[in-house]
Amino acid sequence: MAIFVSYSSSDGGPAASAVVGALRSRGFDVLWDGDLTIIHPLSIPAWMETAVRDRTVLVIVSDDYLKALLSNDFVERRGVRYEAGLVRHKIYHHGGANGCAVLPVVPPDVDANALPSVLQQLVIHRFDPSTLHGEEELVRSLGALEVVENGGEVVQVEQGVHRSREVLVALEAHPPSSAFAYRLAHDLVEQGEGDLELARAFDSVVAVAKAHGDVRLVSRLSQVCLKTLSSTLPLKGEGALMAKVLVSGKAWRLVREHRFSQAASVAEEGTQIAKKYRDLTTAARGQRAHARIFLHMAMEALPYDREFYLRNCEHLLILATTQYRSICGPTSEEVGVCASLHAEKQLLRHEMSGERDLLAAAVESAGTAEGLLTPGTEPYHWLTVLQARLCLAARKYNEGKEFVTSVIATADFPEVVARSHQVRADLLLATREKPEAVRDLLVAEELFRRLGCDYAAATCWWAIAKIDSTKLVSFRLSAADVQRLEDLAPDPRDRRLAVLAHELRAAKRLGRRCVPDWACLVDRVQHA
């Protein structure tokens with residue numbers, strides 16, 4: 001690939017020399033002022049014009065170069081002024097929004113936020129000439145522009161960073177639930193190591209991953225973006241990117257993995273970063289995510305701890321609702337999601353105390369949320385599942401079945417559908433329709449496991465085992481076995497592994513009856 005390095009010899013020489021050496025060691029065809037003593041061109045201005053026109057240009061940013069780029073009065077070095085003018089002309093005549101064959105390279109001692117708008121619009125690269133930090137990303141971007149001459153026009157083959165921009169445009173043009181957007185999201189994440197464009201478009205990509213309920217994809221996306229953001233200095237306005245990844249990516253994934261304490265810490269960290277950079281929307285999102293995590297913790301806690309978690313949940317939910325009302329207005333979708341979470345909290349309080357007033361308040365909050373949320377969206381479907389749970393608490397079983405059956409028939413969101421099957425199984429068990437409940441639980445277990453929600457899948461598996469373990473293994477669990485396993489292993493994943501381990505052990509005994517030692521089996525799977 002043909003490259004021309006443009007720089008000011010007065011203060012950009014060391015950085016330019018390091019860049020040239022690094023790129024030549026990678027096999028790039030690099031041209032720079034250091035070659036003049038070998039080439040001896042008849043006209044240096046003509047040599048500059050040809051190099052800038054026909055090659056990808058790396059601009060080594062320095063104080064003198066910026067002066068030459070911004071002002072025609074910079075006369076200390078006429079060569080850099082003329083060269084900067086050619087680069088400015090190349091940018092001006094570039095067609096299209098992406099793929100400009102000019103890449104600014106910013107050394108550590110230059111503030112990237114101080115770059116003029118003519119360079120800010122391009123893909124900016126950090127490069128440390130002393131450590132060569134940033135070399136990989138620079139090489140990646142250069143692979144984006146394979147420039148060849150074709151009848152006087154420049155043809156660009158897009159890969160790397162510039163290809164990422166094109167893929168992101170295509171992804172954002174399709175609904176998040178579409179299979180095409182899902183494939184593009186996978187491609188972006190697979191190739192996204194060190195790609196700042198992916199981190200900048202995190203909201204769009206994670207929306208696709210969540211629409212498909214793919215916990216593994218969210219986990220990989222968050223990991224890649226956090227690593228990229230940790231290895232580079234953010235530009236102006238990009239400081240809150242880390243907060244978005246922590247709140248909407250890492251914390252979301254930890255909740256699905258049932259690691260609530262870690263999720264709470266991550267959500268709090270993301271909220272504080274968002275507040276630092278005055279990203280009020282992400283801060284509100286972090287507070288609401290933190291509130292939901294506290295609600296999950298209350299569901300799992302012992303009775304004397306639940307009030308602590310519920311009070312924290314309520315406090316954060318009030319903060320998030322107030323913030324969203326000031327940002328988006330009192331009738332926004334975000335306020336509707338907060339109202340739905342409030343209804344879920346009131347339902348838990350009803351389940352703890354049995355007070356009918358709390359159930360009525362939960363139904364009222366759910367009605368408020370329904371008026372604010374748009375039918376067909378993921379939050380609306382989650383609200384419908386909550387309304388089915390409210391019907392279960394109110395013993396309106398047939399009405400509850402109608403709610404979740406409609407979600408199963410119409411929703412395009414796999415995690416919501418899996419949860420709907422699970423809730424419908426609870427409603428069927430309440431009306432003593434065990435075979436139908438088992439069928440729903442089997443479907444839910446398969447969906448959850450396919451999505452990477454192993455805890456939810458194990459919960460469904462254990463619910464089936466309690467009803468009829470012969471649907472899963474070759475022996476029947478007694479009521480005493482069920483009670484013993486629940487006492488020994490609070491985590492349904494451990495119970496499942498212990499039961500499967502016993503089945504494997506019994507199969508090796510060649511017909512002899514094997515009495516399960518559940519304590520030993522649980523200990524083994526917990527320390528495997």
Whether the side chain of [X] engages the backbone of [Y] through a donor-acceptor N/O pair (distance < 3.5 Å, no angle test) should be reported.
{"X": "Ser43", "Y": "Ala46", "answer": "yes"}
{"X": "His212", "Y": "Pro176", "answer": "yes"}
{"X": "Gln526", "Y": "Asp494", "answer": "no"}
{"X": "Arg449", "Y": "Asp454", "answer": "no"}

My understanding is that only residues two or more places apart in sequence, or in another chain, count here; which of them pass salt bridge (charged side-chain N to carboxylate O under 4.0 Å, His left out) with [X]?
{"X": "Asp491", "value": "Arg493"}
{"X": "Lys244", "value": "Asp203"}
{"X": "Arg253", "value": "Glu257"}
{"X": "Glu268", "value": "none"}

Kindly indicate whether the side chain of [X], heavy atoms from C-beta on, has any atom under 4.5 Å from the side chain of [Y].
{"X": "His381", "Y": "Ser420", "result": "no"}
{"X": "Lys250", "Y": "Val245", "result": "no"}
{"X": "Gln287", "Y": "Lys275", "result": "yes"}
{"X": "Ile124", "Y": "Leu119", "result": "no"}
{"X": "Thr56", "Y": "Phe28", "result": "no"}
{"X": "Leu122", "Y": "Leu103", "result": "no"}
{"X": "Tyr7", "Y": "Val59", "result": "no"}

Which heavy atom of [X] sits nearest to which heavy atom of [Y], and what is that distance?
{"X": "Cys338", "Y": "Arg288", "answer": "SG-CD, 3.6 Å"}
{"X": "Leu221", "Y": "Val205", "answer": "CD2-CG1, 3.8 Å"}
{"X": "Leu138", "Y": "Leu58", "answer": "CD1-CD2, 4.2 Å"}
{"X": "Ser6", "Y": "Val87", "answer": "OG-CG2, 4.0 Å"}
{"X": "Gln323", "Y": "Ala284", "answer": "CG-CB, 3.5 Å"}
{"X": "Asp11", "Y": "Asp63", "answer": "OD2-N, 3.3 Å"}

Report the residues that fulfil ring pair (Phe, Tyr, Trp, His ring centres under 6.0 Å) with [X], sequence neighbours left out, ordered by chain and then residue number.
{"X": "Phe448", "value": "none"}
{"X": "Tyr324", "value": "none"}
{"X": "Tyr380", "value": "none"}
{"X": "His315", "value": "none"}

Original post:
Going by the ring-ring contact (aromatic ring centres under 6.0 Å, His included) test, which pairs reach into residues 253-276, not counting sequence neighbours?
Top reply: His258-Phe260, His258-Tyr455, Phe260-His296

Subject >> Within residues 14-25 or reaching into it, pairs that qualify as side chain to side chain donor-acceptor pair (under 3.5 Å) - sequence neighbours excluded >> reply: Arg24-Asp35

Subject >> side-chain contact (heavy atoms from CB on, under 4.5 Å) against Val247, all qualifying residues, sequence neighbours excluded >> reply: Arg285, Ala289

**OP:** Using the six-membered ring wherever Trp is involved, compare the ring planes of His186 and Tyr182 and label them parallel, tilted or perpendicular (cut-offs 30° and 60°).
**Re:** perpendicular

Original post:
So which of Thr50, Val30, Asp29 actually passes side chain to side chain contact (heavy atoms under 4.5 Å, CB included) with Arg55?
Top reply: Asp29

Original post:
Looking at residues at least two apart in the chain, or sitting in another chain, which of them share a side-chain hydrogen bond (donor to acceptor under 3.5 Å, both in side chains) with Ser177?
Top reply: none

